[in-house]
There are 2 protein chains.
Amino acid sequence: MARTPAKVPSGEVYERIVDAALRLFTERGYFNTTVPDVARAAQVSVGSIYHHFKDKEDVARALYLDLIARMQQALTEIAGGHASAHDRCRAVMAMLFELTESDRDAMDFMLYAKHRDFLPSERPVCSSKPFETMRKFVQEGMARGEIRGMDVMVATSCLFGGAIRLITARLDGVLAEPLPAKLDEVWACAWRGIAA
Amino acid sequence: MARTPAKVPSGEVYERIVDAALRLFTERGYFNTTVPDVARAAQVSVGSIYHHFKDKEDVARALYLDLIARMQQALTEIAGGHASAHDRCRAVMAMLFELTESDRDAMDFMLYAKHRDFLPSERPVCSSKPFETMRKFVQEGMARGEIRGMDVMVATSCLFGGAIRLITARLDGVLAEPLPAKLDEVWACAWRGIAA
DNA sequence: GTCTATATCATGATAGAC
DNA sequence: GTCTATCATGATATAGAC
């Protein structure tokens, strides 16, 4: 028990590796990125990477779980700051749009990467905690009579599906304008579709 | 000009290769599939594959372009059979849901694969002809006053975003029920969001 | 803990017989 | 046109010095 307080992310090298990996994995894709590539970008040696991580897949997994956790953190804060399903879900959409602009790579890796191909043991994104939380927001809104009664998965998909589609379009470079500028329009459509 | 009528897909072997590749690429992913894997699954030799295709990427490209073309064909038929944007777009959603059930692999490879990683020269899916056609349907509906005035990309994303999200959930095995059973509910939400 | 250098292995692609 | 057998490349992962 009296060990160093260094949890899993021990020190600065770990951070550099993860940051470089995120950038390269999103730019070129996981399979087009070699461990020496990551080493070079992170300014560390190959051996150092294999000291901190079991293998390349382990780097991707750490990255993925970390991003999921950060997203879940953001959702928890939103839940604390807003009472109604309407306000919570709108805040979620705003947060997703802002994150896409401020941390493009993170969003790309979380929403757009095919994790199934390189993290076969992980569950699909839509089964992850953050997506569950979003469904919970919708479920509660339905119980409170804010949202019309229907299959929760359908309602959540309709509410956020348009936004997610725009995010991927933005990540593909198809949308020139920053997403937050579209928030009002997208939200209006999405909410109108499922509001009671 | 007096050559054999065999266009690009020449004969049965070509078909077997493409079919096997589609199945393996969606099951294991492009990078987790080797050319000998495809050869074994297609019951042909490795040399035969390299006779018909330049390399592995060329197989994926043929597959992708063929699926896009088939999708575009379906959209053209829908345009011919329905006049209003409402009817056309509803028919598109129904077609997407049915195709997901009847040809899961095709849908997976078209909508869910990260083409950018292995077909860097191709444009992103949302810039492809079928997606353009879907936007055209929406655009025309807006001009006719069926759909409220707004950014066309936003409207199209909102209209089909929920359905696409459900399709990926279904492909991930998260949804137990066949998609067509949800069509009425999804369509109602989607159309309500953007109808004038 | 971090580095360099390297062993091992599997893949994509080819050669040449039939 | 199709096959079998093989090669060359380059990746992952490790060994061992510092």
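Reckoned from all heavy atoms, side chains included, excluding hydrogens, waters and symmetry mates. Quick note on labels: first sequence line is chain A, next is B, and so on, each numbered from 1.
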Is [Y] paired with [X] through a side-chain N to carboxylate O contact shorter than 4.0 Å?
X	Y	result
B:D184	B:R90	yes
A:D19	A:R16	no
B:D37	B:K56	no

Atom-to-atom span, [atom1] of [X] to [atom2] of [N] - whole angstrom:
X	N	atom1	atom2	answer
A:I49	D:dA11	CD1	P	14 Å
A:D58	D:dA13	CG	P	10 Å
A:R40	C:dT4	CZ	C1'	14 Å
B:H52	D:dC3	NE2	C1'	12 Å
B:R16	D:dG1	CZ	P	15 Å

- Query: Taking only N and O in the side chain of B:H51, is any of them less than 4.0 Å away from OP1 or OP2 of D:dT2?
  - Reply: no
- Query: C:dG1 phosphate, OP1 or OP2: any side-chain N/O from A:S48 under 4.0 angstrom?
  - Reply: no
- Got a sec, which residues hit salt bridge (charged side-chain N to carboxylate O under 4.0 Å, His left out) with B:D151, two or more places apart in sequence or on another chain? A:K182
- Query: With sequence neighbours left out, which residue pairs that include part of residues 66-78 of chain A fulfil the side chain to side chain donor-acceptor pair (under 3.5 Å) condition?
  - Reply: A:Q72-A:T133, A:Q73-A:E77
- Query: So which pairs with a foot in residues 78-97 of chain A pass ring-ring contact (aromatic ring centres under 6.0 Å, His included), sequence neighbours left out?
  - Reply: A:H86-A:W187, A:H86-A:W191
- Enclosure of B:E27 CD (heavy-atom neighbours >12, cutoff 6.0 Å): yes
Would you be so kind as to tabulate the donor-acceptor pairs closer than 3.5 Å made by side chains of residues 122-131 of chain B, with sequence neighbours excluded?
| residue | atom | partner | partner atom | Å |
| --- | --- | --- | --- | --- |
| B:E122 | OE2 | B:R61 | NE | 3.3 |
| B:S128 | OG | B:V125 | O | 2.5 |

- Summarise how protein sits on nucleotides 9-15 of chain C as a single string, 5' to 3': B when a protein heavy atom is under 4.0 Å from the base, S for sugar-phosphate-only contact, - for no contact. --SSBB-
- Query: Pairing of DNA chain C as dot-bracket, 5' to 3': ( ) intra-strand, [ ] crossing, | other strand, . unpaired, with Watson-Crick or G-U pairs under 3.5 Å?
  - Reply: ||||||||||||||||||
